[in-house]
Amino acid sequence: MAHETAEVVWNESITQWHYLLALKTKHAAAAAQPGQFIHVRVGPTHDPLLRRPLSVLRTDPGTGQLWVLVRVVGRGTRLLAEMEPGARLDIMGPLGRGWPEPPPQGDLILVAGGVGVAPLIFWAEVLQSSYPASHVLSIFGAAHEGELACWLELAARSDEFYVATEDGSAGEKGLAVDLLRVYLDQRRVGAVYACGPRGMLAAAARLCARASVPCYVAMEQWMGCGIGACLGCVVPAAGGGYVRVCTDGPVFRADELDWEVLVQ
Amino acid sequence: MAHETAEVVWNESITQWHYLLALKTKHAAAAAQPGQFIHVRVGPTHDPLLRRPLSVLRTDPGTGQLWVLVRVVGRGTRLLAEMEPGARLDIMGPLGRGWPEPPPQGDLILVAGGVGVAPLIFWAEVLQSSYPASHVLSIFGAAHEGELACWLELAARSDEFYVATEDGSAGEKGLAVDLLRVYLDQRRVGAVYACGPRGMLAAAARLCARASVPCYVAMEQWMGCGIGACLGCVVPAAGGGYVRVCTDGPVFRADELDWEVLVQ
Amino acid sequence: MSAERVDLRVQVGPLELPSPLLVASGTFGFGQEYAQYVDLGALGGIMTKAVTIAPREGNPGPRVWETSAGMLNSIGLQNPGLDTVIAEKLPFLIELGVPIIVNIAGETIAEYATLAQRLGEVEGLAALEVNVSCPNVDRGGMEFCREIPVLRELVAAVRDETELPLIVKLSPNVGDVVPTAEAALEGGAEVVSMINTLVGMAIDAVRRRPRLAHVTGGLSGPAVKPIALAMVWRVWRALQCPVIGMGGIFTGEDAAEFLLAGASAVAVGTASFVDPTSAQRVREELVEFCCGQGVETVRELTGSLRV
Amino acid sequence: MSAERVDLRVQVGPLELPSPLLVASGTFGFGQEYAQYVDLGALGGIMTKAVTIAPREGNPGPRVWETSAGMLNSIGLQNPGLDTVIAEKLPFLIELGVPIIVNIAGETIAEYATLAQRLGEVEGLAALEVNVSCPNVDRGGMEFCREIPVLRELVAAVRDETELPLIVKLSPNVGDVVPTAEAALEGGAEVVSMINTLVGMAIDAVRRRPRLAHVTGGLSGPAVKPIALAMVWRVWRALQCPVIGMGGIFTGEDAAEFLLAGASAVAVGTASFVDPTSAQRVREELVEFCCGQGVETVRELTGSLRV
Ligand SMILES: Cc1cc2nc3c(=O)[nH]c(=O)nc-3n(C[C@H](O)[C@H](O)[C@H](O)COP(=O)(O)OP(=O)(O)OC[C@H]3O[C@@H](n4cnc5c(N)ncnc54)[C@H](O)[C@@H]3O)c2cc1C
Ligand SMILES: Cc1cc2nc3c(=O)[nH]c(=O)nc-3n(C[C@H](O)[C@H](O)[C@H](O)COP(=O)(O)OP(=O)(O)OC[C@H]3O[C@@H](n4cnc5c(N)ncnc54)[C@H](O)[C@@H]3O)c2cc1C
Ligand SMILES: Cc1cc2nc3c(=O)[nH]c(=O)nc-3n(C[C@H](O)[C@H](O)[C@H](O)COP(=O)(O)O)c2cc1C
Ligand SMILES: Cc1cc2nc3c(=O)[nH]c(=O)nc-3n(C[C@H](O)[C@H](O)[C@H](O)COP(=O)(O)O)c2cc1C
Ligand code: FES
Ligand code: FES
C-alpha cells in the first residue's frame, strides 16, 4: 500500500532555502528506487489542497528512513520547512518510474541542476553499491553557490565531481551543460542522467542526441493525483500526444519527449 | 490600534475540551473591559478563513497578559488548542461593548452556562476590586461536571457560588436558571448578568422581566468583520430590525432584544 | 459490517446502487489506478473518465493548478477513444461487479448518439452519463447547457439509441440550472448529476502568463462546495428529480449535506487526489454519521433539509 | 513614498483614481469602522455598502458562514436608507478627499432612477455603482443581470438621471458575463465592476438546517478568485472596456493578477474581515510587486497578460 503516515525524524535547514527532512516510514523507504518520488500532503486543511511531489534523496531500508530535500518556493514547501521532528506526514509513495538499469560500458554522467540534485544522489549511491564497476562523473550546476545544497552528498558518491555556477561563485563559471558538453567530447559515455530546470534538460537532451549517447531526464509538472488517474501532469511526447510525469515518468528517455514544445 | 500580534505565553489543557491560553499583548490587555472580546486569526492560510471571537477571561495590564478560555468545537478552536507557547497570534481587540456599570444596590447575580463563564470571571474580578461593596452571587450551569471549566476562577471571585448540572454530576441537578429563579425570589437583586447558550439567556431574560430586575446578556453570533462593518453578526432587536453583536454588543440589556425570534 | 448498521442502498431513478457513494468522472481514471487504495467493490458506482468516439490527446500542459481550497484543470477530455475503452478499459470495470457509468462527450449530437448506440451494446453497464458540461473544450462541452432546445434534442437523440439509464451531467456555468435539468428530463434522461467544474483561471503575475496552457480551466474542490449545494437544492426544490450531487465532497458530513439538499447519491471527485482512500473513507464516515444520528437508511436523508 | 517609486494613478473610464486599490461595497461599511486600521486617505476609492431608497432591515441571522477559503453572506442590503445615508454617512466619506462611489440597489427601475437622481445632487461623489447583482434579495438584485434588455433599460434610466460616472456591478451567476457587460455599456455606463458574490449554501447536517437563515447566500473570498479572474479576462478580451475587478483579492500579487487579466482597478472585499489592514497592505504589496518587476506605472499592467 503506497499510502502511509510517516513521521518527521529530523528537519535540518542546510541553506536559507533548503531543508533536509528525514522521514520514518513503514513501507516507502524499503520500496523506493532512485528517481522515484513521494507525494506529500503538506497540511491538514483545504488550503493548501493538493499534495506536493518530492524526489527521494536516499533511504535507509533498515531503519525505514527516507530523506527528501526541500527547496522553499511557495506555501507548501514553506509548511514542510517548518515541520518539527515528531510531526506526522501523510505520504503516498514511492511513485513513478525511476532511473533505468545502467549500460554495462562507458562513464555514467549525472547532471544536477539546483534542487534536481536529490534523485541523482540516490542514483549515485545505488550505482556505487550495486554497480561497483561503474564510473560515475557528476556535474552540479546552479545559479550561485547558495543553490548547491547537498553537493557533498553527491560528491561523496561520485568518482568525479564538477561544479558550475552561473555567477562563478563556486566551480566553473557557466552552466552545468557547458561541462556536460566537454565530458561528452572527452569520454566514452555510457549514459547521461539529468534532473533540473527544463532548459537544462533540453540542452542535455540535445547534446546527448548529437553525441548519440542515451540521455535520461527526470521531469517536473504540476500534479493532481500522482498515480496516473487525472491526466493532469502531462508533458508532450515525441510522437505527438502526451505522457504522464507521475506514472510514465518522472524519468523519461529524452527521446521519448517533444523538446521543441517543452521549451516553448 | 486594536490590532496586534500577540504571543502565546502558555496553553493549558484544563479538561479534554477546554484550553486556557495566556497571550502576551502590547495593547489589548491594558484596554480590555469585562464582556469584551478579541477577534483571533487562527491560521496563516485561507482555510480556516475568518477570525474567531473569544471573550476576554481576565487580564494583567501590568504584564500585558490576557487570558482566553477555548472550548474546542470545530476546526478553528482545535487549531487554537494546539498552539504552542511562543506561537504568534494575530488578534484584534478589545472589541465590543462590555458589561455596564453595576447598580449601587442589591445583589449582583452572574449566570454562566458552559464556556460562557469566561466574560463573567473577568466581570466578577472587576466587581470585587472596583466595587468592593457589591455582593456577587454566581451560578454556573453545564450539562455535566466536565463542562464546568474554570469554575474555581469564578468561585474565588464571588461572594456566593452555586453549581447546577443537568445530569447532577456536580452541584444541584438541573439548570442554572432553576437556581436563578430561586435567588430572584429570595434576594433583593440589583442586576443579573448572563452568558451561555441562547436558551439559557432567554430563560434568564424572561425570569428577570417577570421580577423587574435588569438583565444583561452576552450574545454570540457568527461574525465577519468583528467591528461593525459587514452587518453579518446581527440578532433581532426588540423594536424590530437588528443589532450587531460585535459593536452594539456582545452585551445587551435583555429587553433590547427580541427573544421570541431569538429562540425560534 | 457497516451495511449491517445502516442500509446504504439507494434508488436513483431506474438505477439501484449498493451505496450512495460514487466516484466522479475524470477523477478516478478507469478505476485501475485506485485499486490499491480503495476497495473498488464497495463503491456505489464508478463514473469513468469522459469517452469520445476518436482518441483525444487533450490539452497541452500545465493542465492543473492549485487555487485556494480548490484546483483548476484543463485536461480537455484526453482519452483513448471508444474502441480502446470498450476493448481495454471496460472489461476490468465490469468485472468488479459495481455499477459502471460511462461518461460520454461529443462535439455534435450525432457523436453523442453514436457513443450511446455503441455503449448500449456493451453488456454489463449500469448507465451513461451524458457530459454536456466540460468547460475545457472548444467545441461541444458546456455550450450544450447554454442552449436549452439543443440540450433537449441532444438528450432525446441519445435516448433513442439506448435503453441504458441516462444521467445528464449539468454545468454550473449557467444563469439558472433548473431549465437545463428540465430539458435533460424532457429529453428522456432519468437522472441529472451536478456540478461539473466552474470556469476559472489563474495567473502567474511575475511571468504575466496564465498558469494553465489552456488559459482557463475548470474549478473543483472544497471551494465550490457551497455553489454545488445551492444548485442541487434549487433543482430538488423545483423538480424533485433524481440527482447525483458532487462538488467538493471530502467527508461523510459533506456527503450528508448533499443528500439533505436533495441528492439521491453523491460522487467524490477532487478528494481522491488529496486522499486516495477518500471514496472509501467518505462512505465509512457517512455510515458513522448515520449511526450517530439514528438514521437507519440513507434514503431518508434525501431532500430532508428543514427550511 | 510608495507613490514616488511607482505611479499608481489610474484612469477607469471617466474616473481618475489616485490608486487602483479600492474597497468593495458591503465589506467596508461606510468607511468609519476601518478608520483606525487603514489610512482611508490613501485608498483609491471607497465603494459604500448598498443604499436603497427606504431603510432596509436586511435578512434574519445567521447571516454569515465560513466555507473552505470563502464565506457566505446573506445580509440582504441592510442599510439606513437614502436620506440617512446622505445626511449622516456621506459627509464623513466626502470629507476624506478620496473618490467615493455609492453602491445603489432597488427593486424597480424607477427606484434606481430615483437613487441616481438624488445622489446626483450630492456634491463631491466620484461615481455610482449600480448593483444589479445582489443574490440575497427576493426582488431586484441579480435578476436584473439575467434579462439583458431589462438591464440595458435600467442602466439607461439611471444614465438619464445623473451625470456621475456609472459603474455597473455585474453578477457572476449568469451563463456568460459578456452580454451583461455589453448591456451595461450600451445603457450608458462607462465602467463595469465584477464580480459580486456567487449563490451558495451551507448545511448543518446534524440539525438538518441551512447555516444561513436566508438558506442561500453569496460566496466571496479566495475560493472565488479563479472564477472572478476568468470573468474579468473574458470581458476584457471581448470588450476592452474599463473594468474594476474583485473577488478574493488578498495580496498585492492577487491585485496584479486582476490587472493583468484586464482590470483597470481592483477592490478588496472579504480580505478586510480577515486582516483589517488589507486595503492598505495590498496597496503596499502591489507597489513592491511593481518595483520588483520594474513596472513604473501600474497602468501598464492592465490587460497585459501574455497568452
Ligand atoms: C516528480 C517531482 C519531483 C520533485 N522533487 C522535488 C524535490 O526533491 N525537492 C523540491 O524542493 N522540489 C521538488 N519538486 C518540485 C516541488 O514539487 C514543488 O516545488 C512544490 O510542489 C511547490 O509547492 P509550493 O506550495 O511550495 O509552491 P507553490 O508555487 O505555492 O505551489 C502552487 C502549486 O504549484 C504546484 N507546483 C509548484 N511547483 C511545482 C513543481 N515544480 N512541480 C510540481 N508541482 C508544482 C503545487 O503542487 C501547487 O499546486 C518535484 C516536482 C516533481 C514533479
Ligand atoms: C462575542 C463572542 C465571544 C465568544 N467567546 C468565546 C470564548 O470565550 N470561548 C469559546 O470557546 N468560544 C467563544 N465564542 C464562540 C467561538 O467564537 C466559537 O466557538 C468558534 O468561533 C468556533 O470556531 P470553530 O472553527 O472551532 O468552529 P466551526 O464550527 O468549525 O466554525 C465554523 C464557523 O462558525 C463560526 N462559529 C462557530 N461557532 C460560533 C459561535 N458560537 N460564535 C461565533 N461564531 C461561531 C466560526 O467563526 C466559523 O465561521 C464566542 C463567540 C462570540 C460571538
Ligand atoms: C482532473 C479532473 C478531470 C475531470 N474530468 C471530467 C470528465 O472527463 N467528465 C466529467 O463529466 N467531469 C469531469 N470532471 C468533473 C468532476 O467529475 C466533478 O464534476 C467536479 O470535479 C466537481 O467535483 P469535485 O469538486 O468533488 O471534484 C473532472 C474533474 C477534475 C478535477
Ligand atoms: C458581507 C458582504 C456584504 C456585501 N454587500 C454588498 C453590497 O451591499 N453591494 C454590492 O454590490 N456588493 C456587496 N458585496 C460583494 C462585494 O462587494 C464583492 O463584490 C464580493 O464580496 C467579492 O469580492 P471579495 O471576494 O474580495 O469579497 C458584499 C460582500 C460581502 C462579503
Ligand atoms: S498527477 Fe494525475 S495523472 Fe499524473
Ligand atoms: S461581524 Fe461584521 S458587523 Fe459584526
| message | Is it true that, when you exclude A:Glu82 itself, more than 12 heavy atoms of the residues, nucleotides or ligands shown sit nearer than 6.0 Å to its CD? | response | yes
| Among the listed options A:Cys233, A:Cys230, A:Ala237, the residue most often paired with chain C at heavy-atom distances under 4.5 Å | A:Cys230
| said: Taking the side chain as everything from C-beta on, heavy atoms only, tell me whether C:Asp275 gets closer than 4.5 Å to A:Arg41. | reply: yes
| field | Where A:Ala229 and C:Tyr34 come nearest, the two heavy atoms and their spacing | value | CB-CE1, 3.5 Å
| request: Return the minimal non-hydrogen interatomic distance between A:Ala2 and C:Gln36, and the atom names on each side. | output: N-OE1, 3.3 Å
| said: I'd like to check C:Phe273 versus A:Ile227 (side-chain heavy atoms, cut-off strictly below 4.5 Å). Are they in contact? | reply: no
| field | Segment of C:Phe30 engaging chain A (4.5 angstrom heavy-atom cut-off) | value | neither
| task | Check each atom of C:Pro222 against the heavy atoms of chain A and say whether the ones under 4.5 Å are side chain, backbone, both or neither. | result | side chain
| Closest heavy-atom pair and its distance - C:Glu66, A:Pro48 | OE1-CB, 3.6 Å
| Contact winner vs chain A - C:Pro276, C:Gly29, C:Gly221, C:Gly26, heavy-atom pairs under 4.5 Å | C:Pro276
| field | Proximity breakdown for A:Val234 and chain C, heavy-atom pairs closer than 4.5 Å | value | both
| task | Output the option from C:Thr270, C:Thr67, C:Asn59 having the highest count of non-hydrogen pairs under 4.5 Å with chain A. | result | C:Asn59
| Straight-line distance of A:Trp222 CH2 to C:Arg63 CZ, nearest 0.5 Å | 15.5 Å
| request: Kindly indicate whether the side chain of C:Phe28, heavy atoms from C-beta on, has any atom under 4.5 Å from the side chain of A:Cys225. | output: no
| chain A neighbours within residues 71-87 of chain C, where any heavy atom lies under 4.5 Å away | C:Met71, C:Ile75, C:Gln78
| task | I would like to know whether C:Trp65 and A:Leu50 meet side-chain contact (heavy atoms from CB on, under 4.5 Å); could you show each step before the answer? | result | CA-CA 9 Å; C:Trp65 184 255; A:Leu50 297 175; over 6 Å; no
What pairs of donor and acceptor atoms, side-chain ones from residues 86-96 of chain A against any protein atom, are under 3.5 angstrom apart with sequence neighbours left out?
| residue | atom | partner | partner atom | Å |
| --- | --- | --- | --- | --- |
| A:Asp90 | OD1 | A:His3 | NE2 | 3.0 |
| A:Asp90 | OD1 | A:Arg51 | NH1 | 3.3 |
| A:Asp90 | OD1 | A:Arg51 | NH2 | 3.0 |
| A:Asp90 | OD2 | A:Arg51 | NH2 | 3.2 |

